[in-house]
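None of the values given here were measured: they were computed from a predicted structure. Start at 1 and go down the list; that is how both ligands and their atoms are numbered.
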Amino acid sequence: MSRSVIELTNSPEDIARAAEILKNGGLSAFPTETVYGLGADAFNTQALARVFEVKGRPRFDPLIIHIASLETLEKTTSLDGLEPRNKESLEKLISSFWPGPLTFVLPKHPSLPGLATAGLSTAAIRFTSNPIARELITLSTGAVAAPSANLFGKLSPTRAEHVIETLGNKIDCVIDGGPCKIGVESTVLELVPVPRILRPGGISREQLEAVIGPVAEATGSRDEPVHSPGMLPSHYAPKTPLFFHNPEEMDSLPYRRKEGYLFFSGKNRDIWYNRANDKQITGNILVLSETGNTTEAASNLYLYLHELDKSGLTCIHTEMLPETGLGTAVNDRLRRAATSLFARK
Ligand code: AMP
Ligand code: MG
């Protein structure tokens, strides 16, 4: 892969340079607390069109608009028509979780180009906590449309190197801000008509419910109308075939040298290892969190999938996490990354 991309550091001068590129209609990749984003000025239709082209992303899949101040929320959304109870929920959630990995789907402002929202009357808005991203957004036009900086449907990047490997000859610059802390995408939440998670992510359902009470979850079933157009059944996938197992299935797998194994916890790996009782076991076995912590597991997910994907394996076996905390988001990504519909439970 050629590297025509300008590789920038997180120095103030370099962030200002990336902001200039955005203001001139270019594409700047940058770190957030979730994954690396591919940024374009949200008000520049040509730049937006290039994002879709570079990623190979279908035009029906709306982008998330990143902001770095509450004033920009007013410039990108039209909140006047919101019912008082929805407004109240929005205010409570903003004060609890912004800046942070929570994206709201809200009525869009007329000035926001339809390309950013895939023609929908709503827009997805996020206020990231990453200081590099916030500085970049503030120095540009204040609203940056940014999907993950990867090819459509593939593994998300959590390191600058991941971005360079796949988009290095297609975008203008990338700011290296080190590894992403959270490691799975933001939670996408709609508030109208009722609070509902469209995509599980960096803020868990339990956290949301502690602030506003019951929150529904999109089931992703085929019978359900498409409320979040980008949530396709197949997504976030490595090149290597991936299988998603419940812990009992994972434990009963035989060890094969050319296959990869991604366990949730050190305990689960040890149980499997003792049962397999095969002292030939050498590599390709990774553990998302030795102590079985779902937050730590989420932060390692894409890094480890990238590693296994590069190891020349015939397939990768992954294990379902408990459906609590960020476990729900990790399971969602693994289900969509899984090769076989059969394995998608
Ligand atoms: P990404 O930018 O790839 O992390 O994903 C953004 C996702 O947010 C899209 O794929 C949709 O699933 C969801 N989304 C964005 N805008 C809207 C919207 N207006 N209504 C519903 N879902 C949205
Ligand atoms: Mg993405």
K.L.:
Please name the residue in the list K55, H162, E165 that meets the side-chain hydrogen bond (donor to acceptor under 3.5 Å, both in side chains) test with N150.
P.N.:
K55
K.L.:
Among the heavy atoms of K108, does any lie under 4.0 Å from an atom of ligand 1?
P.N.:
no
K.L.:
Verify the cluster assignment for L262 and Y302: are they in a single hydrophobic cluster under the rule of side-chain heavy atoms below 4.5 Å apart?
P.N.:
yes
K.L.:
Using a 4.0 Å cut-off to any heavy atom of P147, which atoms of ligand 1 qualify?
P.N.:
2 (O)
K.L.:
Does a donor on one side chain sit under 3.5 Å from an acceptor on the other, for S186 and T34?
P.N.:
no
K.L.:
I'd like to check which ligand 1 atoms, numbered from 1 as shown, lie under 4.0 Å from a non-hydrogen atom of R199.
P.N.:
1 (P), 4 (O), 5 (O)
K.L.:
Assigning hydrophobic clusters by single linkage (Ile, Leu, Val, Met, Phe, Trp, Tyr; side-chain heavy-atom cutoff under 4.5 Å), is L102 placed with I125?
P.N.:
yes
K.L.:
Once you measure the plane-to-plane angle for W272 and F263, does it fall in the parallel (<30°), tilted (30-60°) or perpendicular (>60°) bin?
P.N.:
tilted
K.L.:
Less than 3.5 Å between some nitrogen or oxygen of T122 and one of ligand 1, yes or no?
P.N.:
yes
K.L.:
Quick one: does L120 get a heavy atom under 4.0 Å from ligand 1?
P.N.:
yes
K.L.:
Is any protein N, O or S atom closer than 2.8 Å to the Mg ion (ligand 2), and if so, which?
P.N.:
S148 OG
K.L.:
Distance alone, cut at 3.5 Å: any donor-acceptor contact between the side chains of E206 and T324?
P.N.:
no
K.L.:
Side chain, backbone, both or neither: which part of R57 comes within less than 4.0 Å of ligand 1 when only heavy atoms are counted?
P.N.:
side chain
K.L.:
When you compare the side chain of I21 with that of L27, does any pair of heavy atoms fall below 4.5 Å?
P.N.:
no
K.L.:
Are any of the N/O atoms on S148, whether in the backbone or the side chain, positioned under 3.5 angstrom from an N/O atom of ligand 1?
P.N.:
no
K.L.:
Is the contact between L198 and ligand 1 made by the side chain, the backbone, both, or neither, using heavy atoms and a 4.0 Å cut-off?
P.N.:
side chain
